[in-house]
**Student:** 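If you scroll down you'll find the structure; I have some questions about it.
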Amino acid sequence: MNPTLSNAERERILKMARAARLERSAPKGSPIVPVERGGRLALSFAQQRLWFLEQLGEMGSTYHVPEQLRLRGALDRPALARALERIVARHESLRTVLLLVNGEPEQRILPVEESGFALVEHDLRGQPTAEAHAERLADREAEAPFDLERGPLVRARLVRLADDDHLLLVTMHHVVADGWSMGVFNRELSALYTAFSQGQPDPLPPLPVQYADFAAWQRQWAEGEVLDAQAAYWTQTLAGAPELLELPTDHPRPARQDHAGATLPVELSRELTAGLTALGHRHGTTLYMTLLAGWATVLARLSGQDDVLVGTPWANRTRPEVEELIGFFVNTLVLRVDLSVRPTLAGLLAQVKARALEGQRNQDIPFEQVVERLRPARSLAYSPLFQVMFAWEGAAGSGLALPGLSVAPAAAAPRVSAKFDLLLTLGENHGRITGDVEYATSLFERATVERWVGYLRRVLDEMVADDTQPVDRVELLPAQERARVLEEWSHVEAEVPADQCIHELFEAQAERTPGAVAVAFEDESLTYGELNARANRLAHHLRGLSVGPDARVAVCVERGPEMVIALLAILKAGGAYVPLDPAYPADRLRTMLEDSAPAALVTQSSLAGTFAGIDVPVVELDVPTWAEGPETNPAPVGLTPGHLAYIIYTSGSTGRPKGVMVEHRSLVNHTAWQAAAFAIGAGDTVLQRTSVSFDASVWELWTPLATGARMLLLSSDAAKDPEAMGRVMAEGGVTVAQFVPTLLQAMLGARPAGSALPCRILFCGGEPLPAALVQEARAAGAGEVVNLYGPTEATIDSTSHVCGVDGRAPAIGRPIANARVYVLDARGEPAPVGVAGELYVGGAGVARGYLGRAGLTAERFVPDPFAGDGARMYRTGDLGRWRADGTLEFLGRTDFQVKVRGFRIEPGEIEARLAEHASVREAVVVAREDTSGDRRLVAYVVGEAGAEVSAAELRAHLSGGMPEYMVPG
Ligand code: AMP
Ligand code: MG
């Protein structure tokens, strides 16, 4: 060795030499020898599997191997025809058919004269539509079915476009040829054509063995020790691998793989190709290995799986005897990439290299046998072991040199089949890496696959730029897509009334339309003027109890006009309301009351007993101590939009409900958005249906009151009765209403036949909205059905979507004005379009936090790194993804929180309460869905030793401390 080499260089060269040696591994097993032609000729393993697939009759052109070449120049057509015939004569494989004899498929080799092969010629010279005609011929040629039993399994057509312009279409069935075979075919065609066109004899040496000999040899060898060792390697390497690589599909996976496909070209720049080549030199990896590492990185990120299996075709011509044969030799290796070890890019390259070299050493065992031994769970919906393939191939037409002719691959006919979910084929062509991706069209849209190719490019760029990066840190999104999800899609800015609190919007409205009806309830109604006057009286009284900015005022009042007066008065006094539903158990109400430490409690004498003995000033609405106050708006007390408007409690996983503190600015933003987006105002009647203990009630109150609409307040009886709801809506002429899907379903179901829903806008939300329900509501007369999504912590709604009636699962839509919604991965970076991530909500709606829970607040309300300026965002625990059209899709939860009939429940809270019972040692609560899609809570309880307790007693125990909807049935 050159003594002037540095150690590093020497090491590098040694490494490359070692790698090169491994890649040309020595021939294995005993030599292949010709077998008797008279007897039964077995299929090779690969042929057998393909034969079996074809018997299913669903493969179409999936396993056709087409080569379509444009030949320009003077063509010797008889020489071409003879050359092709000679190739078919030389290779028994091209004269082979597969027959079922006594229930077993076998190969039959037809004599040359009976092969059925002939070059079919078309003369399109002088035809004005020759090009289009030729294209159709090419497509038809590639698609035309083969008959495996009768043959021929190779076809050729020559289309004459002009005297010096021809299209050669050759199609073989994969069962008799593979990628390597096409190289052999091209070399032989070159040699034979050259000889024949110069009047010389066939220059090719006879073939020592034929494909049938290989098949027989393989069968024999399959019994051997070597194969056992290889089988052991694969069973060990692939043990415990995931069954399915769960790529984010655009369409749900059909129960049966349909093999419908399309392809997309891939091209890497010269610079990137050069960079990858240099990277390979540094790490001793081939381009194949380097690209596979990049592809695996993309697949891992898209699927969220760190154990990725990729299939890869391997030439499988380890014996020199078969190197010059046309036939189906190619084998499939499965390479498993483990990213759970969190390698750097360099580490990943080393890993992929090791896997590829090991795989190569164990490549002789047919893939079919690996599958058989591993017995993976089989599904008709996807291929076993791997669903994504990576192939490294030479360019089409390579190796073909015909004297006097220029040869170029014809514009490839679009392939309409796909063997796998994705098949990436790349090769190096004149200093650039090019190829294509074949994808299953029943799973993916073209735009999606296009984006993914962009991710691959980006990852490869990163590999070249800095291979010391950890793989899971590599940025996937090209700058443009990152900007799209973070800027364009994540938020829409809009003007909202600055410096205003929600009740001030109402006050302005009361001044404009004092005589208009503000609240209608059964037979009563209040005008804007009356409501303002009465609320002012109570507000002045509350001021006297030192209610002011950020002071909490609990309110526990039956549904009716007084409830609205009380809520409004609290805001006018400068305080924040804490709604307590009188229907809740006393225990629960007292817990919330204590937790919120209010300055006052507004209630009614009939309910006051619940709060007997508490140390808080109580105002009883029906006791007229407050009725004498002035009717004018109270004077300002330094209240700003940054002060609290309300605190609403939601279920807490640790057993205690938590109070979400929402500020005026957030509520004003929501109101302004909703009023503008749906043109809500005078002329509308808005249904107030929801209990004030849920934040969905908040807009039902304030949007109408801030816009001059009429609020139709449902009585507590009607609010429990779907049938009454429908009736009141129809009679009251409700134009805007909101339902959780389960309740909407019930309401629609309970309506008398033929009655029409008067709503121009029907809001839905709180839980996934089924497409069928949208259609049902529209059919019942609803103008628009709008899916709203949002956690209480981000002020009622964060996204909104006007549902189409296309039967597609409704999206949750786009961020509402001034909200910011992100889909982030585990690193807190934006997830690619179509890829699931956690939903984070920033912007105007973000609540101040949880009352008195600094730790929990810090955990869930985090800095928003994309908005800057100290902005915060709420971590929802919801899973979602961006659709390609910039709308969001809801996908579920990252935790145990559930929605049952729209009620948000932390099972942990119920479990904690159950465990407080003396007879309970441990409890687990889950939500169960029955066949009709109805959800209910189920509790599993382990009793203390010797203790006996009935389900009824446990239910009673729970009912004492939590609302009815939290008590398992
Ligand atoms: P809440 O705080 O009661 O409004 O509940 C918020 C939670 O309800 C969200 O975090 C989601 O899990 C769920 N949710 C709200 N709206 C929707 C919707 N439109 N589709 C699916 N889930 C929803
Ligand atoms: Mg909500």
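Order of appearance sets the numbers: ligands from 1, and atoms from 1 within every ligand.
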**Student:** Is any NZ, NE, NH1 or NH2 atom of the basic residue among E784 and R760 found under 4.0 Å from an Asp or Glu carboxylate oxygen of the other?
**Tutor:** no
**Student:** Considering residues at least two apart in sequence or located in another chain, which fulfil the side-chain hydrogen bond (donor to acceptor under 3.5 Å, both in side chains) criterion with T640?
**Tutor:**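 Partners of T640 by the side-chain hydrogen bond (donor to acceptor under 3.5 Å, both in side chains) criterion, ordered by chain and then number, come out as H643.
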**Student:** Hey, which residues fall under 4.0 Å of ligand 1 on heavy atoms?
**Tutor:**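 D695, G765, G766, E767, P768, N787, L788, Y789, G790, P791, T792, I812, D878, F890, R893, K899, R904.
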**Student:** If you round to the nearest 0.5 Å, how far is CG of L744 from CG of L757?
**Tutor:**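 It comes to 8.0 Å.
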**Student:** As a test of understanding, state which of D797, T795, N818 forms a side-chain hydrogen bond (donor to acceptor under 3.5 Å, both in side chains) with H670.
**Tutor:**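 Going through the options one by one, the only one that passes is D797.
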**Student:** Taking the side chain as C-beta and beyond, is there a heavy-atom pair between E776 and Q745 under 4.5 Å?
**Tutor:** yes
**Student:** Would you say the Mg ion (ligand 2) has G790 as a near neighbour, meaning an N/O/S atom of that residue under 2.8 Å away?
**Tutor:**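 For G790, the answer is yes, given that an N, O or S atom comes within less than 2.8 Å of the Mg ion (ligand 2).
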**Student:** Using a strict threshold of under 4.0 Å (side-chain N to carboxylate O), is an ion pair present between R893 and D878?
**Tutor:** yes
